[in-house]
Each structure stands twice: as C-alpha cells, then as structure tokens.
Amino acid sequence: MIVQIGEFKDKNEFYERLAEACEKMIDSRDSAIPSLANVSALLKTHMDDVSWVGFYLLQGGYLALGPFQGTPAVTRIGLGKGVCGTAAERMKTVRVDEVETCGNYIACDAVSSSEIVVPLIRQERLLGVLDIDSPSARRFGEDDERGLEKIAATLVKLIYP
Ligand code: SME
C-alpha cells in the first residue's frame, strides 16, 4: 500500500496530513487489529525520531499489547501502572520528557528517553492507548500532543463507530 502524506509547513499540518492518511487507509469493513496495525506502521514510518509506536487495548480490566512497530514489549499493563496505565486511568494524555526521572515508567527497551501516551476514548469509555517512544529526551511537545489527540479521535471515529 502506498500512502503519501504530501507537503506540510509545520507540525499542525503534518498531523492533519497524517489524520487524512488514516482516513484514506482505514477500511471500515476491517476490524480494529488490521486498521491499528497499519496506523502504527504509518506513524512509525512518517514520524521523526521515534523508536516504538503501538497500541495497548483495554481488555478484561488491563491494557493488552496490540499492534505495534518496534522491539518486543510488555504484554500486560495494569491501570495506573507505568505511563500507559497512568494515561489510561486518568483518560488524559501523558508526556514524559525524560523516562529516567519518571518514577512510574515501565522500561521496554534500552533506547527510549521520552514518551507520549494518548488515550483512545469513545463516548467517555476507554478503549486503549496509543503509545509512542523516542530515543531523544523532550521529543514530544504540546503540538505533538494536540496532533496525536486529533489522530486518536480520528481512529476512534473510524474504527469504533
Ligand atoms: N513505557 C511504557 C510501557 C510500554 S513500552 O514503552 C512499549 C509505560 O511505562 O507504560
């Protein structure tokens, strides 16, 4: 599948292009897993300086590893545990500028320095989280947070209508 995101002048436009690419790429006849697998590949391919992109999906009261791109990862995360479980419990995006200084961080590889976790929420109910790691400290700012929240909203609309 060839997905082009075209020109963009800043991060806002970059994330708009990515959200549009998600809209074109996701076939509403597919179930969540193939769609999220392609989205993790899309984000990992187009975002600069990221080492891991993937989803954890709420299943039986914990977060279960879903489609991802990167090195093998922990398969279950309890609500409130780690950065993913914190974002899931709060139902709010969590950004960690330097994982070494984060008391509630679950290490999955030796290279990650910063992380952003965006919850996927449908009608006030948590479906899972989008987790992105970077080898650089302070990789994710407010513009990334806004852009990725837009992408998360697009995914929820398309995959869990
Ligand atoms: N660091 C995450 C665990 C998942 S990995 O980053 C893939 C956390 O603290 O929840």
Side-chain angles (χ1 to χ4, degrees), residues 3 5 11 14-15 18-19 21-22 25-26 30-122 124-156 158-160:
V3 180
I5 65 159
K11 272 199 183 175
F14 169 67
Y15 284 112
L18 276 185
C22 289
M25 203 174 64
I26 293 170
D30 289 335
S31 61
I33 298 298
S35 301
L36 295 176
N38 268 339
V39 172
S40 65
L42 179 82
L43 298 183
K44 180 73 165 59
T45 310
H46 287 94
M47 289 179 74
D48 288 338
D49 200 23
V50 297
S51 44
W52 199 95
V53 177
F55 295 91
Y56 281 89
L57 302 174
L58 187 66
Q59 181 184 296
Y62 66 91
L63 294 170
L65 182 62
F68 70 96
Q69 298 271 312
T71 53
V74 60
T75 56
R76 292 170 169 244
I77 299 178
L79 298 182
K81 307 287 183 198
V83 186
C84 291
T86 302
E89 190 174 63
R90 293 182 190 160
M91 296 215 279
K92 293 259 182 259
T93 298
V94 176
R95 279 190 275 140
V96 174
D97 285 343
E98 294 180 36
V99 298
E100 305 80 40
T101 62
C102 175
N104 194 6
Y105 170 74
I106 301 166
C108 280
D109 59 49
V111 303
S112 295
S113 283
S114 61
E115 176 162 7
I116 185 166
V117 179
V118 180
L120 304 179
I121 297 166
R122 178 178 174 272
E124 294 170 30
R125 288 185 57 196
L126 181 80
L127 302 171
V129 299
L130 165 62
D131 177 16
I132 305 182
D133 295 340
S134 169
S136 301
R138 291 171 290 282
R139 161 66 179 80
F140 305 104
E142 273 178 36
D143 39 8
D144 297 287
E145 181 170 334
R146 273 197 308 275
L148 291 167
E149 285 178 348
K150 206 173 288 172
I151 288 179
T154 303
L155 300 183
V156 169
L158 294 173
I159 301 175
Y160 304 95

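Atoms within each ligand, like the ligands themselves, are counted from 1 in listed order. Both backbone and side-chain heavy atoms feed into the values below; hydrogens, waters and symmetry mates do not.
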Can you tell which part of Y105 has a heavy atom less than 4.0 Å from ligand 1: side chain, backbone, both or neither?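 The answer is both.
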Would you kindly specify which portion of D131 sits under 4.0 Å from ligand 1, judged on non-hydrogen atoms: side chain, backbone, both or neither? side chain
Around K81, counting heavy atoms of other residues, nucleotides and ligands shown, do more than 12 lie under 6.0 Å from its NZ? no
Identify the protein heavy atom lying closest to [atom], giving its residue, its atom name and the separation to 0.1 Å.
| atom | answer |
| --- | --- |
| atom 8 (C) of ligand 1 | V83 N, 3.3 Å |
| atom 2 (C) of ligand 1 | E115 OE2, 3.2 Å |
| atom 5 (S) of ligand 1 | C108 SG, 3.1 Å |

Looking only at distance, does [X] have an N or O less than 3.5 Å from an N or O of ligand 1?
| X | value |
| --- | --- |
| D133 | yes |
| C84 | yes |
| I106 | yes |
| Y56 | no |

Any donor-acceptor N or O pair under 3.5 Å, side chains S51, D109: no
Do S136 and D49 pair up side chain to side chain, a donor and an acceptor below 3.5 Å, judged on atom types alone?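 Result is yes, a qualifying pair exists.
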Give the numbers and elements of all ligand 1 atoms closer than 4.0 Å to a heavy atom of W52.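 Every atom of ligand 1 under 4.0 Å from some heavy atom of W52: 7 (C).
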I'd like to check which ligand 1 atoms, numbered from 1 as shown, lie under 4.0 Å from a non-hydrogen atom of G82.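 Matching atoms, with element in brackets: 9 (O), 10 (O).
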Taking [X] for the side chain and [Y] for the main chain, is one N or O donor matched with an acceptor at less than 3.5 Å?
| X | Y | result |
| --- | --- | --- |
| N104 | G82 | yes |
| D143 | R146 | no |
| S113 | P135 | yes |
| R122 | Y160 | yes |

Answer with yes or no whether F68 contacts ligand 1, where contact means a heavy atom under 4.0 Å from a ligand atom.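 It does not, in that no heavy atom of F68 comes within the 4.0 Å cut-off of ligand 1.
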Regarding R139 and D48, does a basic nitrogen lie under 4.0 Å from an acidic carboxylate oxygen?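 Salt bridge absent between R139 and D48.
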